[in-house]
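To start, the structure under review is shown below, and the notes come after it.
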Amino acid sequence: MFHTVITVPLNRIFKLTHRVCAAFIGLCCIAGVFSPAAAFASDDSARVGAPLFVPNADTRDYLNLEARLESIALRIAEVADAKCANRWRHPGFKTHKLKDYPRSLRRSLKGFASTEASVLIVSQPALSHQVQPGDQIIDLQGRALDDDSLALQVQLALGRLNILRDGARFNVEGTWPQLCYRPVRLTSSRAVEAKTAPNGIEMSMGLIRYTQSDDELAYAIAHELSHFMLDHSRILSDARKRGQRTPSLSRSLEAEADRGAVFLMHKAGYDVWGALSFIDRSGVLRDFPLLGLSSHPRRSERIAIVEQAIIQLGQTDLQSGTIAAFVSASGTGR
């Protein structure tokens with residue numbers, strides 16, 4: 001698991017919070033209704049899903065933020081090369097349950113979200129007539145599955161979903177290709193942090209408020225996705241099994257994730273200078289011991305790493321190049 005915590009002056013956080021909130025309130029007023037499918041779809045012509053009843057504006061803002069994160073992650077995954085490690089099948093829908101939401105929202109969400117996972121929105125047009133909001137995806141024992149569960153990945157690999165709707169069980173068959181992707185979850189933490197978990201990426205509300213653009217947010221997401229794509233968890237695990245001390249290794253892997261983030265951002269159409277502005281504003285990068293991962297490169301080193309990776313973009317065939325090859329080449333300065 002990889003975990004980054006960034007400390008910044010409080011006055012900057014307050015200013016950025018005001019900017020982000022103002023932007024989202026404006027978007028919500030223009031939209032009139034909430035439809036997270038619009039953010040999930042990778043093609044404007046393929047947006048599906050009926051507007052959902054949302055209990056209050058705070059919940060709508062929270063769901064819009066989650067949809068924004070998912071949209072960026074999927075956009076990056078769709079342009080990544082197919083040779084990356086740890087590929088994942090996007091289910092084409094998003095689930096939710098009461099426990100997924102911040103405590104401050106749960107009281108108003110009773111009735112909208114239950115204690116067990118159910119479908120919140122369907123984002124794949126091919127599924128829109130087969131899977132509906134409120135459906136539960138269940139295992140053989142009838143237990144509801146979250147959209148980031150390994151058990152659901154097994155069903156997607158087999159091409160058959162087990163659905164529970166109004167007490168009736170039935171199956172939906174289809175094809176779910178693998179992507180260089182992991183689902184993203186928004187946490188209510190005020191710390192400016194992002195981390196990889198076994199089944200996905202967790203990003204804090206503090207990080208959302210800290211970022212000043214989608215380019216900066218894309219950097220944070222692409223950095224975490226790079227850990228999955230480059231199989232860093234396995235590399236760390238193997239090192240520990242050999243009795244190797246991992247702080248220096250973890251710094252090397254964090255540097256690789258920064259290079260990988262530049263590669264992914266550029267291929268997905270984001271401004272790679274967002275990575276530099278994010279790191280340059282970050283103040284002091286601190287490391288918290290977590291499963292043996294306890295250190296990152298210094299900020300000045302990370303800036304140099306990203307700058308070298310940006311230079312390397314002009315010397316790389318991005319159409320046929322892989323993230324692993326790019327990370328290796330930009331790490332040597334070639």
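All values below were derived from every heavy atom in this structure, side-chain atoms included, with hydrogens, water molecules and symmetry-related copies excluded.
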In residues 113-122, what donor-acceptor pairs under 3.5 Å come from side-chain atoms, sequence neighbours left out?
from	atom 1	to	atom 2	distance (Å)
Ser114	OG	Glu116	N	3.4
Ser114	OG	Glu116	O	2.7

Can you check whether Arg89's main-chain N or O pairs, donor with acceptor, with Gln153's side chain at less than 3.5 Å? yes
I'd like to know if Trp176 and Leu145 are part of one continuous hydrophobic network [Ile/Leu/Val/Met/Phe/Trp/Tyr, side-chain heavy atoms within less than 4.5 Å]. yes
With rounding to the nearest 0.5 Å, note down the distance linking CE in Met203 to CG in Leu65. 11.5 Å
Using a strict cut-off of less than 4.0 Å between a Lys/Arg side-chain nitrogen and an Asp/Glu carboxylate oxygen, indicate whether Arg185 and Asp147 qualify as a salt bridge. yes
Is there a donor-acceptor contact under 3.5 Å from the side chain of Thr211 to the main chain of Glu216? no
Single-linkage hydrophobic cluster Val306~Phe326, side-chain heavy atoms < 4.5 angstrom: yes
Carefully, step by step, assess Leu152 and Asp146 under the rule side-chain contact (heavy atoms from CB on, under 4.5 Å). CA-CA 7 Å; Leu152 177 58; Asp146 291 289; over 6 Å; no
Test log, rule side-chain contact (heavy atoms from CB on, under 4.5 Å), inputs Asn86 and Arg182: CA-CA 9 Å; Asn86 294 315; Arg182 279 302 190 279; 3.5 Å; yes
Supply the members, apart from Leu164, of the Ile/Leu/Val/Met/Phe/Trp/Tyr cluster built from side-chain contacts under 4.5 Å; use none for a lone residue. Ile138
Can you see which heavy atom on Gln308 is nearest to which on Ser330, and at what distance? CG-O, 3.4 Å
Between the side chains of Thr59 and Asn56, does any donor sit under 3.5 Å from an acceptor? yes
Please check if Val192 and Ile201 belong to a single hydrophobic cluster, counting links between Ile, Leu, Val, Met, Phe, Trp and Tyr side chain heavy atoms closer than 4.5 Å. yes
Which atom of Ser226 lies closest to which atom of Gly260, heavy atoms considered: OG-C, 3.3 Å
Check the hydrophobic clustering (I, L, V, M, F, W, Y; side-chain heavy atoms under 4.5 Å; chains of links allowed) and say if Leu225 and Val79 are grouped together. no
For Glu254 and His223, which I'm curious about, is there any donor-acceptor pair between the side chains at under 3.5 Å? yes
Closest approach of Ala194 to Leu207 (non-hydrogen atoms, all atoms of both residues): CB-CD1, 3.9 Å
Does a side chain donor of either His90 or Glu78 reach within less than 3.5 Å of an acceptor in the other side chain? no
Before accepting this row, confirm whether a basic side-chain N of the pair Lys94/Glu66 lies closer than 4.0 Å to the acidic partner's carboxylate O. yes
Scanning both residues in full, the closest heavy-atom pair of Leu249 with Ala239 reads CD2-CB, 3.5 Å
Contact between Asp135 and Phe93 at the side-chain level, heavy atoms closer than 4.5 Å - yes or no? no
Taking the side chain as every heavy atom from C-beta outward, state whether Ile221 and Leu264 have any pair of such atoms under 4.5 Å apart. no
Are Leu230 and Ile235 packed together at the side-chain level, in the sense that at least one heavy-atom pair is separated by less than 4.5 angstrom? no
Between Tyr62 and Leu186, is there a donor-acceptor pair closer than 3.5 Å when you use the side chain of the first and the backbone of the second? yes
Return yes if some donor-acceptor pair links the side-chain N/O of Glu202 with the main-chain N/O of Thr187 below 3.5 Å, else return no. no
If hydrophobic clusters are built from ILVMFWY residues whose side chains come within less than 4.5 Å, do Met265 and Leu313 share one? yes
Kindly indicate, with the supporting measurements, whether the criterion side-chain contact (heavy atoms from CB on, under 4.5 Å) is fulfilled by Val154 and Asp139. CA-CA 10 Å; Val154 172; Asp139 62 14; over 6 Å; no
Check: Asn171 side chain, Arg160 main-chain N or O, donor-acceptor pair, under 3.5 Å: no
Between Glu193 and Tyr210, a side-chain donor and acceptor under 3.5 Å: no
Hey, is the main chain of Tyr101 close enough, under 3.5 Å, to the side chain of Arg106 for a donor-acceptor pair? yes
When you measure from the side chain of Ser237 to the backbone of Ser233, do you find a donor-acceptor pair of N or O atoms at a distance under 3.5 Å? no
Please determine whether side-chain contact (heavy atoms from CB on, under 4.5 Å) holds for the pair Thr196 and Phe228, giving the CA-CA distance in whole Å, both sets of side-chain angles, and the decisive distance to 0.1 Å. CA-CA 8 Å; Thr196 61; Phe228 286 111; 3.8 Å; yes
Could you tell me which non-hydrogen atom of Ile76 sits nearest to which non-hydrogen atom of Ala222, and how far apart they are? CD1-CB, 3.9 Å
Check for a donor-acceptor pair, side chain of Trp88 on one end and backbone N or O of Tyr181 on the other, with a separation under 3.5 Å. no
Kindly give the heavy-atom pair with the smallest separation between Pro183 and Glu70, and that separation in Å. CA-OE1, 4.1 Å
With no hydrogens and no angle check, is any side-chain donor or acceptor of Asp148 less than 3.5 Å from a backbone partner on Asn199? no
Just by modelled atom types, is the Pro247 backbone N or O under 3.5 Å from a matching donor or acceptor in the Ser250 side chain? yes
Are Asp238 and Arg242 ion-paired here, with the side-chain N under 4.0 Å from a carboxylate O? no
